[in-house]
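Below, each value reflects all heavy atoms present in this structure, side chains not excepted, and no hydrogens, waters or symmetry copies.
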Amino acid sequence: MSGISIVPLTYFDSQKNYKKIIAWITGLLTLLLALFSFILSFNALADLAINHGVSIPILFPLVVEAGVIIFSLNALYRSLHGESAKWQWCLVISSSLLAGGFNILHAPPDLVSRIMAAMPSLFLLLSFETLLSQIKHSVTRTHVIQSIVQLTSELESKRQELDLLIDAKGQEIERLHYEADELETEIEVTRTALVQVRQENKTEHTHFGSIPPIQITETKNGDASIELRRDALIRIIANEGDI
C-alpha cells in the first residue's frame, strides 16, 4: 500500500532496549559523579574538622553532606506524592551552600583553589539532583504505564460485557421474530377459518331462506318438535346475531 510504512515489531523492541541501556548508563555515571564529589568534599571537610578541633572529625562531613542527600530524598518523596517540596528544596540548597562554604574556607586563599574547593559540593548537588530527577521520571513513567494497562484491562472488560449484552439482545430479538412469525401464522389460520365460517353462514342463510313458509309457520305455531325449533333458533342466531 502506498503512503503507509510498515515498521516491524522488532524495531520498537530494539528502541526500548536502547533506551533502557542509555538510562542505566546515565544513572551509573551520575551516581559515580556524585560519589566522587562526595569523597572530595568529605576529605576537605574532615581535614577542616581536624584543624579546628572537632571531637569526631569524620562525622562532620557526614552531617553536612548527608543533609543534602536526605533533604533531596525527602523532596523527591513529596514530589512523587503530589505534595509541595519548597521547604525541602530550601534545605537542600542551604546544606549545599554550607558544604561549599566550608570547602572554600579549607582551600588556600587564591581564587583558583577556592573555585576548585567549591566544585565538589556543587557537583554533588547537581549530580544527585540529576539522579533523583531520573528516578522521578522513571517512577512517573511506570505509573503512567500501569495506568494505561489498567485502563486497557477495564476497556477490555467493558467490551466483553457489551458483547455479552449484544448477544443477549440478539437472542431476544430472534425470539421475538420467532414469536411474531408464529403469531402471523395463527392470524392467517384464524383469517382462513373466519372466511370459512362466513361462507358457511352465507350457505346456511341461503338454505334458511329456502325453507318453505309452511315450515316457519309450523315452527312459530309450535307444531314442530323441540329439535326443529332449536335448529331454527340456531340459524337465526347465526344469521341475525340475536333473536
Side-chain angles (χ1 to χ4, degrees), residues 1-23 77-84 135-243:
M1 293 181 294
S2 61
I4 299 177
S5 60
I6 300 176
V7 182
L9 295 176
T10 55
Y11 174 78
F12 296 101
D13 295 335
S14 61
Q15 289 293 322
K16 290 180 180 179
N17 293 330
Y18 291 152
K19 290 180 180 180
K20 187 180 294 185
I21 292 173
I22 292 173
Y77 176 80
R78 288 182 173 271
S79 298
L80 291 177
H81 287 78
E83 300 178 0
S84 177
I135 294 173
K136 180 180 178 180
H137 175 72
S138 299
V139 172
T140 305
R141 184 171 178 270
T142 303
H143 288 166
V144 171
I145 293 175
Q146 291 177 353
S147 299
I148 293 174
V149 171
Q150 184 178 0
L151 288 175
T152 304
S153 62
E154 291 179 358
L155 288 175
E156 183 65 21
S157 177
K158 294 297 182 182
R159 186 184 68 82
Q160 292 177 358
E161 293 180 359
L162 183 60
D163 291 340
L164 293 175
L165 182 60
I166 291 174
D167 292 338
K169 292 299 181 181
Q171 293 177 0
E172 185 177 357
I173 290 172
E174 291 180 357
R175 181 179 60 82
L176 292 176
H177 279 301
Y178 179 75
E179 293 179 356
D181 293 337
E182 288 184 346
L183 290 175
E184 186 175 357
T185 303
E186 292 179 0
I187 291 172
E188 188 66 24
V189 172
T190 305
R191 184 182 292 113
T192 304
L194 182 60
V195 171
Q196 185 178 0
V197 170
R198 287 178 178 176
Q199 291 177 355
E200 292 177 355
N201 290 336
K202 289 181 180 179
T203 303
E204 291 178 356
H205 180 71
T206 304
H207 179 68
F208 179 76
S210 63
I211 298 175
I214 188 171
Q215 293 183 2
I216 300 175
T217 305
E218 291 179 355
T219 303
K220 292 181 179 179
N221 294 329
D223 297 333
S225 64
I226 297 176
E227 288 78 6
L228 292 176
R229 285 183 291 175
R230 185 181 301 165
D231 292 339
L233 291 174
I234 292 174
R235 290 173 183 175
I236 294 172
I237 293 173
N239 290 276
E240 302 297 334
D242 55 2
I243 298 175

Q. What pairs with Glu182 under side chain to side chain donor-acceptor pair (under 3.5 Å), at least two apart in sequence or on another chain?
A. Tyr178
Validation: residues 150-160 side-chain donor-acceptor distances under 3.5 Å, sequence neighbours left out:
| unit_1 | atom_1 | unit_2 | atom_2 | d |
| --- | --- | --- | --- | --- |
| Thr152 | OG1 | Ile148 | O | 2.7 |
| Ser153 | OG | Val149 | O | 3.4 |
| Ser153 | OG | Gln150 | O | 2.6 |
| Glu156 | OE1 | Arg159 | NE | 3.4 |
| Glu156 | OE2 | Arg159 | NH2 | 2.5 |
| Arg159 | NH1 | Asp163 | OD2 | 3.1 |

Q) When rounded to the nearest 0.5 angstrom, what distance separates CG in Asp181 from OG1 in Thr185? A) 6.5 Å
Q | salt bridge (charged side-chain N to carboxylate O under 4.0 Å, His left out) involving Glu188 - partner list, sequence neighbours excluded | A | Arg191
Q: Using side chain to side chain contact (heavy atoms under 4.5 Å, CB included) as the criterion, list what pairs up with Glu186, not counting sequence neighbours.
A: Leu183
Q: Please say whether more than 12 non-hydrogen atoms of neighbouring residues, nucleotides or ligands are located less than 6.0 Å from CD in Glu184.
A: no
Q: Could you list the residues that satisfy side chain to side chain donor-acceptor pair (under 3.5 Å) with Glu179, not counting sequence neighbours?
A: Arg175
